[in-house]
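Take a look at the structure below.
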Amino acid sequence: MSDANDDETLLPKTYTPAEAEARWYDFWESSGFFSPTGEGEKTYTIAIPPPNVTGTLHMGHACRTTFEDVLTRYHRMKGYDALWIPGTDHAGIATQVVVERLLAREGTTRHELGREAFVERVWEWKRSSGGRIYEQLRKMGSSCDWTRARFTMDPDLSVAVREAFVRLYEQGLIYRGTRLVNWDVETQTVLSDLEVETQENVQGELFEMAYPVVDAEGNARGEVVVATTRPETMLGDTALAVHPDDERYAHLHGCFGKHPFVDRLVPIITDAELVDMAFGTGVVKVTPAHDPNDFATGKRHGLEEINILNLDGTLNENGGPFAGMERFVARRAVKAKLDELGLARGSKKHVMTLPRSQRSGTIVEPMISTQWFVKMEPLAGPAIAAVEDGRIQILPEDWTKTYFHWLRNIQDWCISRQLWWGHAIPAFYCQACEHVNVTREDPSACAKCGSADLVADPDVLDTWFSSALWPFSTLGWPNEDAADLRRYYPTQDLETGYDILFFWVARMIMMGLHFMGEVPFSRVLLAGLVTDERGEKMSKVKGNVIDPLDVISGTSLDALVTKAEAAGSKPEGLSYLKKTYPEGFAEYGTDALRMTLLSYSPQSRRIALSLKRVEGYRNFSNKLWNAARYALMKLEGSDARASGAAPAASALANRWILSRLAHALDAAGEGVDGYRLDDASGALYHFVWDELCDWYLELSKPLLESEDPAVVAETRAVLVHVLETVLRALHPMMPFITEEIWQRVPKDTAYAAGLRRADTPSVMVMPYPTAATDARADAEAEAALDGLKAFITSARSVRAEHDLPRSQRVAIHYAGAEGELALAVLRSEARLVQTLLNADLHEEPAAKLDDPSAHFAHAAIFVVAGLRAAVPGVIDPAKERERLGRELKRVAKDLGVLGKKLTNPSFVDKAPAELVEKTKRDAADLDAKKSELEAALARLG
RNA sequence: GGGUGGAUAGCUCAGCGGUAGAGCGCCGCCCUUACAAGGCGGAUGUCCAGGGUUCGAUCCCCUGUCCACCCA
């Protein structure tokens, strides 16, 4: 077999992405194509959802990046001044944890280092390792403007954060308050409600214990039994509650529980809200300082709030004999001690939910603390309105409900964090008069009393606070005159995962409206969660994490397993990998990965990424490559040039492909505009494979062999035009391969000068094709070619069924009714058909086809709309009977369905007339076909 | 406890009032000078169950079952 490149072929036989991708990316970037021109009326802007600076690219990023890049490239080609702003966020807790781990390895801690040195150390880390995700985004082909890359801790963005804080404070929308908050004992910071995740269906224990009861005079009145899943919290109990209507405990109203460990009488109160008579014993212990419901109860009854925990999760002095113990140690100790005192009343298994920190995973402790909050209600109202009145559209629309629900039930947002890495809270406490100074510049004296004895708030802000300002802080706010802010705000689309709808999207909308007075974007596009092919969430523990870069560059099974193992996969995860990917991954390339991610419906909440699908799109890349290879080969030595205008066409196949191109371009444009990138990419995929490659390229072969030079020239012109156009259409989705090919397509010089950079032609700055400008719908050509395709397919089916290999030339005798389109087309295109089928066509008088066996030896017959044909030379009548029988069955079934409809009077009366007519026509056609098949079958005997 | 989404071919999923689709897999045949990462042909479905609306339901409505996610 000949090697691919031993002849004058222009391209190798297979497309290998690796080399081309790096080359073109550098070319685009160095050509300045990623930066907006700053010219033109229409702008199109996307702000990237900033990944954590500690992050590495995962499938979620890959997915979002692809969507954003398609939208950006598409609009750029459409002539918009397109800007996609990249950036990262400082990920307070995550980053601090990363650097603390480094320090631990060096045998030190941040406390030993001191705050200032630690923060400097984090910056150092950021400078050396924080750019990794940018490199990975580049690998995805992202056409973002790196010259505008932003980091939430950049000086200008920090100014924005401080300005926002101060303004909100001045407006009374930020306040300091003492509340029950979520405390993460591991990272030792407070968390917002959103950062607490509930772990469901945890097998827990409901522990029952007795409180000795005394009355107001101190006389023993027996005991009450309470149940709890957190026995240690009893050290903070300040009441026992029963339901006011509960007869069982009516005699205890006004009595007290005698605390077994600390010298305290806890009142027995009645509360209908807290107590569910049917649950447990009907008596509830009340710990206002460590439980949200109890906290509310405490407020209703004016109960004392006793905090029993230190910030590190150990018990404080209020823990009495248990002080100093870690919370879970204390729990066991409390139980043991109660047992010893004879107050334990057994325990039951209990299914419960546990609040866990999104960051550290530890069980979150509700604790009373003084923190900074943003008042949400005044900000939520306008954010609700913006979606209600359509200034912002959320897609898929289902999420609108969720968005409303959250905003309508919103709680104030706790924004202070006890971390060192982040934006300092600009509050300064006067030690002299206790005034809180919140200022844009660090104050030297108290604004109220003039004292210089000020202490800065040690806390920093929630990272999401800075992210909420992202769409305008990245453009230059608070400088209202910043050129970018004026030109590119509001942005158009915001594309992200639904998991941060509340964390980020809703907050950006609130802040955008509040500070800019205008929505930050007009469309929110929410993508689903990328999972493994079983639909399970990717996780390190499960070992099913697929690294996009491995998909792009390929990897061995060994490397996959090693990586998963290092990341902490369980053995089941490793065996899943081995079973699912025994060969590892091939080098699929970025374009294939992008097409795969695009192919999933945006309606779906899950994107169960299948590597088989990636392989399918890798194959598609290769298909496109080879189509180009064919075209370029056929164009060689000719003067056919792409010029951006659809060439005139007279040959049927040429007219047809230009018409199909029109459909494909319509579908692609509508798909992208409507955020149905699956439809858009699917339309182009099917056009290239099913129509261009499967039919047109084959049809072009005989045309290019024509003796008529005009036909040859026309076909070449169409060939180069269709190829060049489809490359432009596909470019937003498959940027690399399209550029690689496009650069080699012969183009008219003026045309190739491109949209914006006359000196550096590139497909990425060419106009995006449309049906109106680059193709030509032609219904007549389509109808004609459809008939021809049906004829060819039937003939092939006969061939396959009767083991007539393609190499064996056959004769096909046909007849049709004069005046039928199919007959006319077959006559005029006979040569084309002969080539495609490797057959000789003979038109016969209809009578001859009425009894083919009388005229042709062992003939197989087929019937397609308006045509009958016989293929002599079939050896096996049994097979032919079988084939005809099968087809007859199918026709009969279809006819049955239609017949049933037509005999139903209500259908004929009530269904639209058009449909009834069509049904009648279809039925008539099928009926004719049925008779033909029956006759043929009868003749076979 | 409240809410949202899903259940369609062996697998992963589109579709959505008018005779059920794709990719992969499966079964034949074929190295056909663009492509074996390919070509040609073929098989495959109680569209979760039960009711209702309709001339007509996989699609709309109700009820139920199971799964996923979110909120408390």
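Keep in mind the model is a prediction, meaning the values are calculated, not measured. Letters go in sequence order (proteins before strands), and every chain restarts at 1.
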Report the nucleotide, chosen from B:C55, B:A37, B:U19, that has the shortest atom-to-atom distance to any side-chain atom of A:N622.
-> B:A37
With rounding to whole Å, what would you report as the distance between B:C16 and B:A7 at their C1' atoms?
-> 15 Å
State the dot-bracket string of RNA chain B. Criteria: Watson-Crick or G-U wobble, both atom distances under 3.5 angstrom; notation: ( ) intrastrand, [ ] crossing earlier pairs, | interstrand, . unpaired.
-> (((((((..((((....[..)))).(((((.......))))).....(((((..]....)))))))))))).
Which whole number of Å gives the distance between the P atom of B:G23 and that of B:G38?
-> 12 Å
Rounded distance in Å between the C1' positions of B:C69 and B:C11 = 23 Å
Options B:C55, B:A36, B:A37, nucleotide nearest the side-chain atoms of A:K13 = B:A36
Are OP1 or OP2 of B:C24 and a side-chain N or O of A:K612 less than 4.0 angstrom apart?
-> no
With under 30° as parallel and over 60° as perpendicular, where do the rings of A:Y588 and A:F585 fit, or are they tilted in between?
-> tilted
Give a yes/no on whether any side-chain N or O of A:N619 is located under 4.0 angstrom from OP1 or OP2 of B:G38.
-> yes
Say you pick atom C1' in B:C60 and the same atom in B:U54; how far apart are they, in whole Å?
-> 10 Å
Shortest side-chain distance from A:T14, nucleotide among B:A37, B:G18, B:G41 | B:A37
Position toward the 5' end of RNA chain B (nearest nucleotide), A:N904 or A:T16 = A:T16
Taking atom types as modelled, find out whether A:Y630 and A:S700 have a side-chain donor-acceptor pair closer than 3.5 angstrom.
-> yes
Quantified in whole Å, what is the C1' atom distance between nucleotide B:C70 and nucleotide B:C61?
-> 26 Å
C1' spacing across the pair B:A9 / B:G15, given as an integer number of angstrom | 14 Å
OP1 or OP2 of B:U4 sitting under 4.0 Å from any side-chain N/O of A:W406?
-> no
Can A:R594 be said to sit on top of A:F736's aromatic six-ring, NZ or CZ under 6.0 Å from centre and within 45° of the ring axis?
-> no
Looking at the side chain of A:W689, which of B:G41, B:U19, B:G38 is the nearest nucleotide?
-> B:G38
Quantified in whole Å, what is the P atom distance between nucleotide B:C66 and nucleotide B:G10?
-> 24 Å
Per atom distances to the A:F907 side chain, the nearest of B:C35, B:G18, B:A37 is B:G18
Counting side-chain heavy atoms from C-beta on, which of B:G41, B:G18, B:A43 comes nearest to A:L915?
-> B:G18
Go along nucleotides 5-14 of chain B 5' to 3' and tag each nucleotide: B for a protein heavy atom under 4.0 Å from its base, S when only backbone or sugar atoms are that close, - otherwise.
-> S------BSS
Pairwise C1' distance for B:C71 and B:U58, with rounding to whole Å = 32 Å
Closest-nucleotide ordering on RNA chain B, the 5'-leading residue of A:S906 and A:R806 | A:R806
Identify which nucleotide among B:C55, B:U19, B:A34 has an atom closest to any side-chain atom of A:M633, counting heavy atoms from C-beta outward.
-> B:A34
Tell me whether the OP1 or OP2 atom of B:U19 has a side-chain N or O from A:K900 closer than 4.0 Å.
-> no
Ignoring hydrogens and angles, does a donor from either the side chain of A:K623 or the base of B:C35 sit under 3.5 Å from an acceptor on the other?
-> yes
Which class fits the ring pair A:Y15 and A:W625: parallel under 30°, tilted 30 to 60°, perpendicular over 60°?
-> tilted
Any side-chain N or O of A:K701 under 4.0 Å from OP1/OP2 of B:A34?
-> yes
Establish whether the base of B:A68 is bridged to the side chain of A:E536 by a donor-acceptor pair shorter than 3.5 Å.
-> no
Distance check: side-chain N/O of A:R890 vs OP1/OP2 of B:A43, anything under 4.0 Å?
-> yes
